Each structure stands twice: as C-alpha cells, then as structure tokens.
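Keep in mind the model is a prediction, meaning the values are calculated, not measured.
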Amino acid sequence: MTDQTYCDRLVQDTPFLTGQGRLSEQQVDRIILQLNRYYPQILTNKEAEKFRNPKASLRVRLCDLLSHLQQRGERHCQEFYRALYIHAQPLHNHLPSRYTLRPMSFLAGLGLAAGLALLLYCCPPDPKVLPGTRRVLAFSPVIIDRHVSRYLLAFLAEDLGGF
C-alpha cells in the first residue's frame, strides 16, 4: 500500500515521540535495554550507557537515540518500533505515521466494494453467462464491513430469490 520505510516513519514520528510527557524515563530505559540485550548489534553496551545517562535530560537522550537509529539504517528503526510496541503500546497505536496508513486501507476497501457493486450492476441477467457468480458474490458481504454489506445486499436482493 505504501512505500514508507521505518526510517521515514521514525523521521515523521520523532516530534511526537519527543513531545513533553509522551514517553516516561522508565519506558525509554526499557526500550534501550531491549535494543541492547536482545539486539546487541543495534545498540552496544557503550551506546546504551550513553543513552541511559541520567545526567542528560530525557528529551536530549531520546533525540540522540532516534537520530542514532536513523543513521544506522532500516533494521535498527524497525527494531525500535518493535520495542516501542512492547513497552508503550498505547503510544505506539497513536503514532502519526500509523494514521497515514489507515486511510489507505479504507480507500482500498471502498474501491473493492465499488468494484463489486459495479460488477453486480453490470452483470447480465442471463443465467448462462457467468453461472454462479451472483451466488459467490452473495456471500462476499460476510467478509466486508457492515456498512458496505448493506449496499451489496441491496443489489442482490432480487436475485437471491432463486438461491
């Protein structure tokens, strides 16, 4: 759907993540420890100590961590998002980059529903042409959102009598 990389997402999400009160010091420490312990190739012990330094402010440490991960590459950014999901799931669910992905799935579903409705509308009433197509499409609203299924069922209402 989208070709946005994890590094691109991290650039987009950095102002949100570094905002006042978004991540607590404990959450940041857990994320750093996970990146260090489970993936030492992502954060070495020396780097983890630098980013967990209590003498620096939380915002400065977090900004340094995020810029470090962006410089290191795609896999590093992906592992950060995995750690963020584990240790701060509510915050992860409200990231700005996640909101840009949601309208695309809505538009894809809407396009599918419009295509099916057009197919049903344009399908010839001759039973010899595409036999069983209407029967198969009659069950498609089961897997489509309830708002779309109303429109599909309206197109099928007169043809389901012989089903």
Side-chain angles (χ1 to χ4, degrees), residues 1-120 133 136-153 155:
M1 271 188 201
T2 180
D3 56 352
Q4 190 178 28
T5 65
Y6 284 100
C7 289
D8 295 338
R9 287 180 59 193
L10 195 54
V11 169
Q12 182 180 357
D13 293 334
T14 295
F16 178 78
L17 291 170
T18 57
Q20 185 67 27
R22 299 278 188 206
L23 283 169
S24 69
E25 192 160 341
Q26 292 81 17
Q27 289 172 321
V28 173
D29 285 344
R30 284 189 219 128
I31 290 169
I32 291 169
L33 287 174
Q34 179 173 345
L35 293 175
N36 174 244
R37 289 184 182 158
Y38 294 111
Y39 307 102
Q41 65 276 17
I42 292 178
L43 278 184
T44 64
N45 288 336
K46 185 177 180 181
E47 292 168 338
E49 287 176 19
K50 172 186 163 189
F51 297 128
R52 293 187 70 216
N53 182 6
K55 294 179 183 174
S57 73
L58 177 63
R59 183 183 169 124
V60 169
R61 291 187 290 144
L62 187 57
C63 286
D64 290 345
L65 172 66
L66 297 178
S67 64
H68 173 76
L69 293 172
Q70 290 169 12
Q71 292 170 0
R72 298 287 301 268
E74 184 69 14
R75 180 155 186 264
H76 293 72
C77 295
Q78 182 180 7
E79 295 304 332
F80 169 78
Y81 277 105
R82 183 175 294 161
L84 182 67
Y85 178 79
I86 291 170
H87 299 292
Q89 188 174 4
L91 183 68
H92 182 271
N93 293 337
H94 291 94
L95 290 171
S97 63
R98 291 183 52 84
Y99 284 112
T100 60
L101 299 176
R102 289 183 184 136
M104 296 302 289
S105 59
F106 170 75
L107 290 176
L110 184 62
L112 175 68
L116 286 173
L118 184 63
L119 179 67
L120 288 172
T133 303
V136 170
L137 290 175
F139 290 104
S140 64
V142 173
I143 59 172
I144 299 176
D145 190 27
R146 66 178 185 262
H147 302 293
V148 176
S149 65
R150 292 180 193 145
Y151 299 110
L152 288 175
L153 289 174
F155 283 106

Q) Minimum heavy-atom separation for I32 to R52, with atom names? A) CG2-CG, 3.6 Å

(Q) Ignoring hydrogens, what is the shortest heavy-atom contact between C7 and C77? Give both atom names and the distance. (A) SG-SG, 3.3 Å

Q) Who passes side-chain hydrogen bond (donor to acceptor under 3.5 Å, both in side chains) against D8, sequence neighbours left out? A) T5

Q. Can you name the side-chain hydrogen bond (donor to acceptor under 3.5 Å, both in side chains) partners of T14, sequence neighbours left out?
A. Q70

Q) With L17, which residues qualify under side-chain contact (heavy atoms from CB on, under 4.5 Å), at least two apart? A) L10, D13, L23, L66, F80, L84, L91, L95

Q: Go through the structure and list residues passing side-chain contact (heavy atoms from CB on, under 4.5 Å) with E49, not counting sequence neighbours.
A: none

Q.
Can you tell me how far apart NZ (K50) and OG1 (T44) are? Round to the nearest 0.5 Å.
A. 9.5 Å

Q: Please list all pairs passing the side-chain hydrogen bond (donor to acceptor under 3.5 Å, both in side chains) test where one or both residues lie in residues 54-63, with sequence neighbours left out.
A: E25-R61

Q.
Test: salt bridge (charged side-chain N to carboxylate O under 4.0 Å, His left out). Region: residues 64-75. Which pairs qualify, not counting sequence neighbours?
A. E47-R72

Q: Please collect all salt bridge (charged side-chain N to carboxylate O under 4.0 Å, His left out) contacts where either partner lies in residues 34-46, sequence neighbours excluded, each pair once.
A: none

Q.
Checking R30 now: which residues fulfil salt bridge (charged side-chain N to carboxylate O under 4.0 Å, His left out) with it, not counting sequence neighbours?
A. none

So which pairs with a foot in [range] pass ring pair (Phe, Tyr, Trp, His ring centres under 6.0 Å), sequence neighbours left out?
{"range": "residues 59-79", "result": "F51-H68"}
{"range": "residues 28-48", "result": "none"}
{"range": "residues 11-35", "result": "none"}

Q: Go through the structure and list residues passing ring pair (Phe, Tyr, Trp, His ring centres under 6.0 Å) with Y85, not counting sequence neighbours.
A: H92

(Q) Using the rule given for side chain to side chain donor-acceptor pair (under 3.5 Å), can you reason through Q12 versus Q4, listing the C-alpha separation, both sets of side-chain angles and the distance that settles it, and then say yes or no? (A) CA-CA 10 Å; Q12 182 180 357; Q4 190 178 28; 2.7 Å; yes

